[in-house]
Amino acid sequence: MLISKSRRRIASAAAVAALGLTLLTGCSSDNVNCSLDECTVSIDRETNASVSVLGVEAKFISADDTTVTLDVAGEQISLTKGQQAVDVAGLQVSLDSITQDQVQVQISR
């Protein structure tokens, strides 16, 4: 039983290390800034603007002064500044800011 627990711990540690590398390599775009468990994504407010992060694509759909509509991993969501994060494809997505030119969202695992 002790060997089995040790193997599980080693496998878990390897999985965590691989996830960390995935997070860092998945956030290498100029529009994406990541820490270990969260990415800040900046998307231009233009038609068809999109960015790939944490294995999913986030695409800008529309925005007004307070709400942004995005397509994240094929699911359309609306975010409002100050709103609690929305769960999409196992990720937490929240609106950080809206400007005339760009929207900024937080995406975390």
Side-chain angles (χ1 to χ4, degrees):
M1 195 62 129
L2 183 60
I3 294 173
S4 179
K5 285 184 180 180
S6 294
R7 285 185 181 162
R8 275 190 253 152
R9 286 183 184 156
I10 291 170
S12 292
V16 168
L19 176 61
L21 287 174
T22 299
L23 288 173
L24 293 176
T25 58
C27 297
S28 60
S29 170
D30 291 339
N31 299 16
V32 181
N33 184 8
C34 292
S35 65
L36 185 57
D37 61 351
E38 180 177 79
C39 295
T40 301
V41 179
S42 300
I43 301 174
D44 291 336
R45 286 180 68 167
E46 59 183 49
T47 306
N48 298 323
S50 66
V51 64
S52 181
V53 62
L54 299 176
V56 300
E57 183 177 9
K59 182 177 179 182
F60 176 77
I61 304 293
S62 66
D64 59 27
D65 291 339
T66 59
T67 304
V68 172
T69 302
L70 302 172
D71 181 299
V72 178
E75 185 175 333
Q76 190 168 325
I77 60 171
S78 291
L79 303 171
T80 303
K81 181 91 169 102
Q83 169 190 353
Q84 191 172 17
V86 174
D87 185 38
V88 180
L91 302 172
Q92 296 293 309
V93 183
S94 61
L95 178 62
D96 191 38
S97 66
I98 304 172
T99 67
Q100 287 291 87
D101 301 320
Q102 207 172 60
V103 297
Q104 198 169 60
V105 296
Q106 297 287 326
I107 301 176
S108 61
R109 289 198 189 258

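The structure displayed is predicted, hence computed values, not measured ones. Quick note: residue numbers are just sequence positions, from 1.
- With sequence neighbours excluded, the residues that form a side chain to side chain contact (heavy atoms under 4.5 Å, CB included) with Gln106 are Glu38, Thr40, Ser94, Asp96.
- At least one side-chain heavy atom of Val88 sits under 4.5 Å from a side-chain heavy atom of Glu75.
- Scanning for side chain to side chain contact (heavy atoms under 4.5 Å, CB included) contacts around Asp87 gives Gln92, with sequence neighbours left out.
- Between Leu91 and Arg109 there is a side-chain heavy-atom pair separated by less than 4.5 Å.
- To the nearest 0.5 angstrom, Cys34 atom SG is 8.5 Å from Ile107 atom CD1.
- When all heavy atoms are compared, the tightest approach of Leu70 to Ile61 is C-CG1, 3.8 Å.
- Partners of Glu57 under the side-chain hydrogen bond (donor to acceptor under 3.5 Å, both in side chains) rule, at least two apart in sequence or in another chain, are Ser50.
- Rounding to the nearest 0.5 angstrom, the gap separating the OG1 atom in Thr99 from the CD atom in Gln104 is 8.5 Å.
- Residues that satisfy the side chain to side chain contact (heavy atoms under 4.5 Å, CB included) test with Ser62, not counting sequence neighbours, are Thr69.
- Applying the side chain to side chain contact (heavy atoms under 4.5 Å, CB included) criterion to Gln83, with sequence neighbours excluded, gives Leu79, Thr80, Val86.
- Nearest heavy atoms, Asp37 versus Ser108: O-CB, 3.3 Å.
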Derivation of the side-chain contact (heavy atoms from CB on, under 4.5 Å) call for Val56 and Val72: CA-CA 7 Å; Val56 300; Val72 178; 4.3 Å; yes

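- Interatomic distance, OG1 of Thr66 versus CG of Leu95, reported as 9.0 Å (0.5 Å rounding).
- The line from CD1 of Ile43 to CG of Asp101 is 14.0 Å long, rounded to the nearest 0.5 Å.
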